[in-house]
Amino acid sequence: MSGGVEATGSFRRLLKHFAMLGGGKTAAGLTGLVYLAIAAKALGAQQLGVLVLIHAYALAFAELVSFKSWQAVIRYGADDISRNRPGAFQRLLRVCFAADAAGAILSTALAAGLAFVLAPIAGLPPETAPLLALYSLVNLFTLKAAATGVLRLYDRFDLLAMQAQLTPLIRLAGAIIAAALGWGLTGFVIVWFIGAAAAGLALPLLGARELARQGRWGGIATGGRDARHDGLWRFMIFANGASTVKLSGTHIPPLLVGGVLGPAAAGLYKVAFEVANALIKGAQLAEQVIYPELARLISAGRLGRAARLLPRASLTGFAAGTLFTIILWFFGEPVLARVFSEEFGEARMLLIWLAASGALAAAASPFEPTLYAFGKPQMVLGAQAVSAATRILAMLLLLNLIGLTGAGLAAFIARGVTLGVMVAACIALFRGRRHDKAGA
């Protein structure tokens, strides 16, 4: 009975954190739709597609090269805090920040250096290559992963919710000005850059502020020099690979759409993706909220309580996703046509399939952080690699067979693969750990 009560308490705490962070993300998402609608009306599908491809190109390099060190901060930091090892925690943060900085510099150099070569392959007009190279400098402001881990570890989802507002609010204000003054594509690119850079700068400042509040900032540059975290680099390499492959699902698809169908199709894809992405962001929020809780429970050996959280969180996410998809089935086309313009109404079926894939992502959201909490990032990498390969191959086939809708169907197929593989991996881990305890 007590285990069920504890599981219920954990679930309620997760719902509280999810509501807090979700409220901020929902507001940010609605603001994002408004500034995207302004850009769509001011630029049209063709030039909006160019803007989308420029942004996707730069961030694709950021995802491919940059370290996603927040997983390591939570995985090892939870243990350091529970065992009262402040020096070890500080050393962990230094290592993670150094990895973030190296990734940011390398991704910027590669994206800017290859812009003139890769612009035509991505479906961009040759004259946009200089703009593409300059926009790649936004990757210098991606030094945020370690700070994100700190805020999640200390349950500062309120600060994360506030930070989530920066980019959309700046882009909304900038889009209004750019549209009113007729700044055109270059003006919107500048607005998008400023929004991303401001949000990237805010997270390290918030993370440092929270560390100071927790009494962990003093001696941050020198603390724990002799401390060691067994398997840290192995964990970071696998976790980075898994996150890179997973997030490629955000930035690679519009590049594929642009390369196969042209910039206008990429603009249609972006609009449909942002409408459907309200659900996908919800799934990502669930992962962020549940990971610290699972890390604490599994670190303490409370497997039963952790196991009981998973089906409840998964079914809750899937139910919300299914409801959202049904709503878009009836109202998706009017939303696209009236909020953006008539030409965007063509993306209705793409929107439906993307929303359905979001329902599967919501169902899968508790299982990835479970694998990380068990210290098995290689399993996450394997699942995401299979999913990404499935999606890319399906897109290349379906885009040529059925056009833009094929991008949504490919996303649905890939999410289904991810869900099946991760559920099977989690079941095997829980059974294996229980068997080990029984044998001991």
Side-chain angles (χ1 to χ4, degrees), residues 22-59 124-125 127-128 130-132 134-139 141-142 144 160-203 205-206 250-251 254 258 263-278 280-281 331-347 351:
K25 289 287 188 179
T26 299
L30 293 174
T31 305
L33 289 177
V34 175
Y35 74 64
L36 192 62
I38 294 171
K41 291 181 182 296
L43 299 176
Q46 181 76 17
Q47 283 202 315
L48 177 64
V50 173
L51 173 62
V52 167
L53 292 174
I54 288 173
H55 181 69
Y57 170 87
L59 292 193
L124 286 165
E127 62 270 18
T128 62
L131 196 59
L132 184 63
L134 288 173
Y135 191 85
S136 298
L137 296 177
V138 76
N139 289 349
F141 299 93
T142 56
K144 56 187 182 180
L160 289 168
M162 290 172 53
Q163 186 270 343
Q165 309 298 318
L166 275 179
T167 293
L169 288 176
I170 290 172
R171 286 180 180 170
L172 175 59
I176 293 172
I177 296 171
L181 299 181
W183 285 354
L185 177 63
T186 301
F188 278 92
V189 169
I190 293 172
V191 168
W192 255 239
F193 184 101
I194 294 172
L201 285 172
L203 268 173
L205 295 177
L206 290 172
T250 300
H251 306 299
L268 294 176
Y269 177 88
K270 175 64 174 177
V271 167
F273 176 79
E274 286 301 324
V275 174
N277 199 38
I280 297 171
K281 283 182 178 178
F331 301 106
E333 185 172 0
V335 169
L336 291 173
R338 293 177 185 177
V339 175
F340 298 92
S341 69
E342 289 294 334
E343 60 184 326
F344 290 94
E346 301 173 15
L351 175 63

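The residues of the chain are indexed from 1 along the displayed sequence. Computation of the quantities below employed the complete heavy-atom set of this structure, encompassing side-chain atoms and omitting hydrogens, waters and symmetry-equivalent molecules.
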Next on the checklist: Using 0.5 Å steps for rounding, measure from the CG atom of L166 to the OG1 atom of T31.
Outcome noted: 11.5 Å
Item to check | Shortest non-hydrogen separation from A58 to V138 and the atoms involved | outcome: CB-CG1, 4.2 Å
Next on the checklist: Please find the pair of heavy atoms, one from A199 and one from Q163, that lie closest to each other, and give the distance.
Outcome noted: O-NE2, 3.0 Å
Checklist entry - To the nearest 0.5 Å, how far apart are CG in L36 and CZ in R171? => result 10.0 Å
Item to check | Shortest non-hydrogen separation from A179 to I38 and the atoms involved | outcome: CB-CG2, 3.8 Å
Checklist entry - For P125 and V50, which heavy atoms make the closest approach, and how far apart are they? => result CD-CG2, 4.2 Å
Item to check | From L51 atom CG to L131 atom CG, the distance as rounded to the nearest 0.5 Å | outcome: 9.0 Å
Next on the checklist: To check you understand the geometry: which heavy-atom pair defines the closest contact between A272 and L351, and what is its length?
Outcome noted: O-CD1, 3.4 Å
Checklist entry - Measuring from L137:CG to F193:CZ, what's the distance to the nearest 0.5 Å? => result 5.5 Å
Item to check | Distance-minimising heavy-atom pair for A198 and I170 | outcome: CB-CD1, 3.4 Å
Item to check | L172 CG to T167 OG1 distance, which is reported to the nearest 0.5 Å | outcome: 12.5 Å
Next on the checklist: For Y135 and Y57: C-alpha separation, side-chain torsions, deciding distance, then whether side-chain contact (heavy atoms from CB on, under 4.5 Å) applies.
Outcome noted: CA-CA 9 Å; Y135 191 85; Y57 170 87; over 6 Å; no
Item to check | S136 (side chain) donor-acceptor with L132 (main chain) under 3.5 angstrom | outcome: yes
Next on the checklist: Please evaluate residues L48 and V271 with respect to the criterion side-chain contact (heavy atoms from CB on, under 4.5 Å), reporting the C-alpha separation (whole Å), side-chain torsions for both, the decisive distance (0.1 Å), and the verdict.
Outcome noted: CA-CA 9 Å; L48 177 64; V271 167; 3.9 Å; yes
Checklist outcome for this item: Interatomic distance, NZ@K144 vs CG@L206, rounded to 0.5 Å, equals 12.5 Å
